[in-house]
Amino acid sequence: MPGGHLATAVALSGAAYAVTHSPEAAAGCFAGGFLIDVDHYLDYLVFERQWRRPGPASFLRYYFTNSPRRVVLPLHSMELMAILLAILVNHPWLLLAGYWLGAAMHLTFDILINGEYALKRAVCFYFFAFRISKRFAAVELMDRVVVPDGVGKRPLIEFFQWRPLTRKQPQIPKIQASPPAQAAVEDHSAL
């Protein structure tokens, strides 16, 4: 939930500033911890084609009611994290270090929380190549969830909820098919 990401990003930014006295490191932590979610809005406008309703309330309502059909999320990517880490090793910029740390925290919370209630394969989901292999189709990447009545009615207030507003749909037990019937005539020659 965005409110949880906002709170943890502010806390990490404050801790980074207290330790490093660097506004760049603190800003990077906030960007990686919270502003990384700008790619959800990019998905909403570009891939979901919701540019006619670009406002924050419409955007939040769309996501809180589990409406996305495609999940591209280029910033939520282990491949991007690896590239940024390689750059960081060669160029230890405080802003980039803060961003990487904030994004790592953000993705960790996403895997733990979203994996619990919304994703079919939580760790794999955060690999861009895996999402490509599923053609970014939400139905292939995400579990079916139950959206309680009232969710999305007050999206700006719901923004500050700590826990997801939806829950996984209970799994329906699969009925085992009985083994195929044996041939009507059995070979009794050994008798």
Side-chain angles (χ1 to χ4, degrees), residues 1-20 22-48 50 54-68 70-82 84-85 88 94-128 131 136 138 141-143 145 147-148 151-152 154-168:
M1 294 302 295
H5 284 309
L6 177 61
T8 57
V10 166
L12 182 64
S13 296
Y17 186 77
V19 170
T20 65
S22 166
E24 293 87 6
C29 286
F30 185 77
F34 181 67
L35 297 179
I36 186 176
D37 274 342
V38 73
D39 62 357
H40 286 281
Y41 189 63
L42 175 72
D43 278 9
Y44 174 74
L45 292 177
V46 177
F47 301 108
E48 298 290 321
Q50 297 293 322
S58 296
F59 163 67
L60 292 173
R61 187 175 299 109
Y62 193 80
Y63 273 93
F64 291 163
T65 57
N66 202 42
S67 298
R70 296 177 52 84
V71 188
V72 178
L73 302 176
L75 297 179
H76 287 69
S77 158
M78 295 299 185
E79 293 91 341
L80 177 61
M81 292 295 287
L84 294 178
L85 184 59
L88 189 56
L94 287 174
L95 181 67
L96 182 58
Y99 179 88
W100 194 91
L101 183 62
M105 176 189 70
H106 182 104
L107 294 176
T108 300
F109 286 141
D110 274 0
I111 289 169
L112 294 173
I113 303 298
N114 294 341
E116 177 184 325
Y117 89 98
L119 301 176
K120 289 183 178 179
R121 298 184 64 194
V123 174
C124 291
F125 178 87
Y126 290 94
F127 284 89
F128 197 72
R131 291 196 304 272
F136 305 112
L141 297 164
M142 302 174 74
D143 279 322
V145 297
V147 180
V151 170
R154 301 178 339 170
L156 298 177
I157 292 171
E158 293 166 357
F159 177 93
F160 293 100
Q161 298 290 318
W162 284 85
R163 295 291 295 163
L165 302 169
T166 58
R167 64 185 190 285
K168 272 188 182 181

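Count residues from 1 along the sequence.
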- Straight-line distance of His40 NE2 to Leu75 CG, nearest 0.5 Å: 9.5 Å
- Message: If we check side-chain contact (heavy atoms from CB on, under 4.5 Å) with Leu73, which of these qualifies: Asp43, Asp37, Ile36, Leu141?
- Response: Asp43
- Task: Check side chain to side chain contact (heavy atoms under 4.5 Å, CB included) between Pro23 and all other residues, then give those that pass, not counting sequence neighbours.
- Result: Tyr17
- Message: In the structure I gave you, are the side-chain heavy atoms of Phe128 and Leu80 within less than 4.5 Å of one another anywhere?
- Response: no
- Task: Calculate, to the nearest 0.5 Å, the distance between atoms CZ and NE2 belonging to Phe34 and His5 respectively.
- Result: 9.0 Å
- Query: Checking Arg70 side chain against Phe136 main chain: does a donor-acceptor pair fall under 3.5 Å?
  - Reply: no
- With sequence neighbours excluded, what pairs up with Ala27 under the side chain to side chain contact (heavy atoms under 4.5 Å, CB included) test? Leu95
- Task: Could you tell me which residues satisfy side chain to side chain contact (heavy atoms under 4.5 Å, CB included) with Leu101, sequence neighbours excluded, listed by chain and number?
- Result: Leu12, Cys29
- Closest non-hydrogen atoms of Arg131 and Ser77, given as atom of the first, atom of the second and distance, are NH2-CB, 4.4 Å
- So, does Glu79 use its side chain to make a donor-acceptor pair with the main chain of Phe127 at under 3.5 Å? no
- Query: If you measure from CE on Met105 to OG1 on Thr108, what distance do you get to the nearest 0.5 Å?
  - Reply: 9.0 Å
- Note on the structure: Rounded to the nearest 0.5 angstrom, the CG-CD distance for Leu45 and Gln50 is 8.5 Å
- Query: Taking only residues two or more places apart in sequence or in another chain, which ones pass side-chain hydrogen bond (donor to acceptor under 3.5 Å, both in side chains) with Ser22?
  - Reply: Glu24
- ring pair (Phe, Tyr, Trp, His ring centres under 6.0 Å) partners for Phe109, two or more places apart: none
- Task: Under the ring pair (Phe, Tyr, Trp, His ring centres under 6.0 Å) rule, collect the residues that match up with Tyr62, sequence neighbours excluded.
- Result: Tyr44
- Taken in chain and number order and not counting sequence neighbours, the residues that satisfy side chain to side chain contact (heavy atoms under 4.5 Å, CB included) with Val46 are Leu42
- Item | Heavy atoms of other groups near Arg121 CZ, more than 12 under 6.0 Å | no
- Decide yes or no for Phe125 and Asp110: does some side-chain heavy atom of the first lie under 4.5 Å from some side-chain heavy atom of the second? no
- Task: Enter the distance from Leu35:CG to Tyr41:OH here, rounded to the nearest 0.5 Å.
- Result: 14.5 Å
- Note on the structure: Minimal heavy-atom distance between Phe30 and Ala9, with the atoms involved, is CD1-CB, 3.9 Å
